[in-house]
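Data block below; observations after.
Source: prediction; values computed, not measured.
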Amino acid sequence: QVQLVESGGGLVQAGGSLRLSCAASGRAFRSHAMGWFRQGPGKQREFVAAISWSGANTNYADSVKGRFTISRDNPKNTVYLQMNSLKPEDTAVYYCAAELTGRVTELQSKYDIWGQGTQVTVSS
């Protein structure tokens, strides 16, 4: 069973950058698609980005396209979310999740394993 631990969150000014990491335990990580989701204050959790098991396919929410980049390093069992040009509306708890069939999807229901989340706060 894969376990996920996010890190890299923090407080940053608008226009700044952060890189989130999600470390996974277990050799099965490299066969899973991975996704990032976020839940802002008073909002429902929403899709941010996803990457296929190989890294060849990615998908992004419209709100982050051109600013965020998802990537993965399978030998290190880690997936990253590089966030640039951050805006106050990006403030949220960010979660990584694993989809066990390896397919990129925006659907939260398709993700089987979730991390505990890391807080990102963007000040104006």
For the [atom1] atom of [X] and the [atom2] atom of [Y], what is their distance to the nearest 0.5 Å?
X      : Y      : atom1 : atom2 : value
Arg19  : Ser7   : CZ    : OG    : 9.0 Å
Arg38  : Thr118 : CZ    : OG1   : 14.0 Å
Arg72  : Ser52  : CZ    : OG    : 7.0 Å
Thr121 : Gln13  : OG1   : CD    : 13.0 Å
Leu4   : Ile113 : CG    : CD1   : 6.0 Å
Asn77  : Gln3   : CG    : CD    : 12.5 Å

ILVMFWY network linking Val48 to Val104, side-chain heavy atoms under 4.5 angstrom: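 Val48 and Val104: separate clusters.
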Expected output: side-chain Thr78 to main-chain Lys76 donor-acceptor under 3.5 Å: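 Yes, because the side chain of Thr78 sits within donor-acceptor range (under 3.5 Å) of the backbone of Lys76.
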Other residues, nucleotides, ligands: >12 heavy atoms within 6.0 Å of Gln116 CD: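 It does not: Gln116 CD has 12 such atoms or fewer within range.
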Hey, are the side chains of [X] and [Y] touching, using non-hydrogen atoms and a 4.5 Å cut-off?
X     : Y      : answer
Met83 : Tyr94  : yes
Leu86 : Leu18  : yes
His32 : Glu99  : no
Ser71 : Gln82  : no
Leu11 : Gln119 : no
Ile70 : Tyr80  : no
Glu6  : Leu20  : no
Ile51 : Asn57  : no

Closest heavy-atom pair and its distance - Ser124, Pro88: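 Closest approach of Ser124 to Pro88: CB-CG, 3.9 Å.
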Partner residues of Glu89 under the salt bridge (charged side-chain N to carboxylate O under 4.0 Å, His left out) criterion, sequence neighbours left out: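 Per chain and number, Glu89 pairs via salt bridge (charged side-chain N to carboxylate O under 4.0 Å, His left out) with no residue.
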Contacts of Arg30 that satisfy salt bridge (charged side-chain N to carboxylate O under 4.0 Å, His left out) - sequence neighbours left out: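 Per chain and number, Arg30 pairs via salt bridge (charged side-chain N to carboxylate O under 4.0 Å, His left out) with no residue.
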Residues clustering with Tyr111 (ILVMFWY side chains joined when closer than 4.5 Å, directly or via others):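 Besides Tyr111, the cluster holds Phe37, Phe47, Val93, Tyr95, Trp114.
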cation_pi(Arg67, Tyr60) dist<6.0 Å, angle<=45: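 No, a cation-pi geometry is absent between Arg67 and Tyr60.
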Test: Asp90 and Lys87 ion pair at under 4.0 Å: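 Lys87 and Asp90: not salt-bridged.
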Worked verdict on Ser17 versus Asn84 for side-chain hydrogen bond (donor to acceptor under 3.5 Å, both in side chains): CA-CA 4 Å; Ser17 298; Asn84 299 329; 2.9 Å; yes
